[in-house]
Amino acid sequence: MLNRVHPVKGFVYEKQEIVEDPTRPTGCRIDVWLRARSNRQGICSCCGRRGPTYDRLDQRRFDFVPLWGIAVVLVYAMRRIECVGCGVKVERVPWCLPGGKSPTTLAMQVFLSRWAQRLSWQQVADIFWVSWPTVFRAVQAVVAYGLAHRDLSGIEAIGVDEVAYRKGHRYLTLVYQIDEGRRRLLHVAEGRTVKSLLRFFKMLGEERCGSIRFVCSDMWRAYLKVIAKKLPGAVHILDRYHIVANLHKALDRVRASEARRLKAGGYEPHLHRTRWCFLKRKENLTDKQRLRLRDVLRYDLTTVRAYLKVQALHLLWEYQSPAWAGKFLDAWCRDVMLSRIEPLKQVARSLREHRPLILNWFVAKGQYSAGIVEGLNAKAKLRFRKAYGFRTFEAAEVALYHQLGALPQPEIAHRFC
Ligand SMILES: [Zn+2]
């Protein structure tokens, strides 16, 4: 069976045995001994050249994919190779990723990482009786392979976004490719500073930056600065998604403070439990929320006025021409500046400040028919909710690449899952 699902070139499966092992939940494990073919020299782990055997080390165990719930372990005594270039070095074995000193076989690492795309890491660890760090290191190894082997050529559109990855305002800067038909996470960096984003451009290299024609981002100053400097020729678009998100934050502040005011003044609690009525898209409201919204819109409340203004701005993205969209945007900002609703006025001020970048959305629409004008949307964000809650940056980084990076996987002869 092993020769069929996991053939190892230059090596022979010699014998196998069921061994009693009280540390395993089934009370036993299957040991499989490997032997190098006598006519094949080993490969130097440093340079990849073959060389004569110098000596043999003690037997090592490598965890393999379990069979019928029973742990399978490959047992092999590693050779040391007398390499002409590097001196005496341990050999490289084909059942492990090169460079790794992992006690887990590549097949098992790919097996665990494929399950870790569908389940949480802890669930994978529990199901296959391995530790959480084993799952983490397996995913880490597969991700490292993917990052080293991915193709980064021909990227035309990127989106820059930030997410909080744990409580206490710890941020990650994420860069996506958002070309139509090719959406994937390209880069994760800690923080949301100038440096965080510069790291992406350093990774990509100047030449590959040359193919980028569109950039979507929010109004975060550090990002605007880096993008202007690094991609002077690209069309920089302030994303609809981010603008609407800012407006919704402002609207929520208006609602919360008015609700407090009403309560303190002893008025009827019109705004009680209305948060999502105002923030959700109309078509996503439940029947109950729709009725609640219709009810509350009858009152002369600041929140209602703010809500109607926010709704009105959605018309902006119906325009075809940048010129008319610009006129509409100016009129909207003028109207809001007269409204005396301070949180909305703040947003209007920043929209005025970034007017050209907002109107670039319409320029891109004319030039580029693909999904790039959608930019980053809430759906893409939802997909990595599952990856949240990691205590360290390292774990969050690995999980994000694993889930969203669309990375190539190491090739193995058989798909175990
Ligand atoms: Zn060598």
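We're numbering straight along the sequence, starting at 1. Fair warning: this is a prediction, and the values are worked out from it, not measured in the lab. Start at 1 and go down the list; that is how both ligands and their atoms are numbered. Values below: all heavy atoms of this structure, side chains included; hydrogens, waters and symmetry mates excluded.
- Taking 4.0 Å as the cut-off between side-chain N and carboxylate O, R60 and D58 do not count as a salt-bridged pair.
- The ring pair (Phe, Tyr, Trp, His ring centres under 6.0 Å) analysis of residues 8-31, with sequence neighbours excluded, yields the pairs F11-Y76, F11-W95.
- Between D31 and R61 there is a salt bridge, since a side-chain N of the basic residue sits under 4.0 Å from a carboxylate O of the acidic one.
- For the ring-ring contact (aromatic ring centres under 6.0 Å, His included) test, residues two or more places apart in sequence or in another chain that qualify with H414 are F416.
- Near the Zn ion (ligand 1), less than 2.8 Å away, sit the protein N, O or S atoms C44 SG, C47 SG, C83 SG, C86 SG.
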With a 3.5 Å cut-off and sequence neighbours excluded, list the donor-acceptor pairs that the side chains of residues 122-129 form with protein atoms.
residue, atom, partner, partner atom, Å
Q122, NE2, D126, OD1, 3.1
Q123, OE1, S120, N, 2.9
Q123, OE1, S120, OG, 3.3

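- Side-chain N/O atoms of H354 and R349 include no donor and acceptor closer than 3.5 Å.
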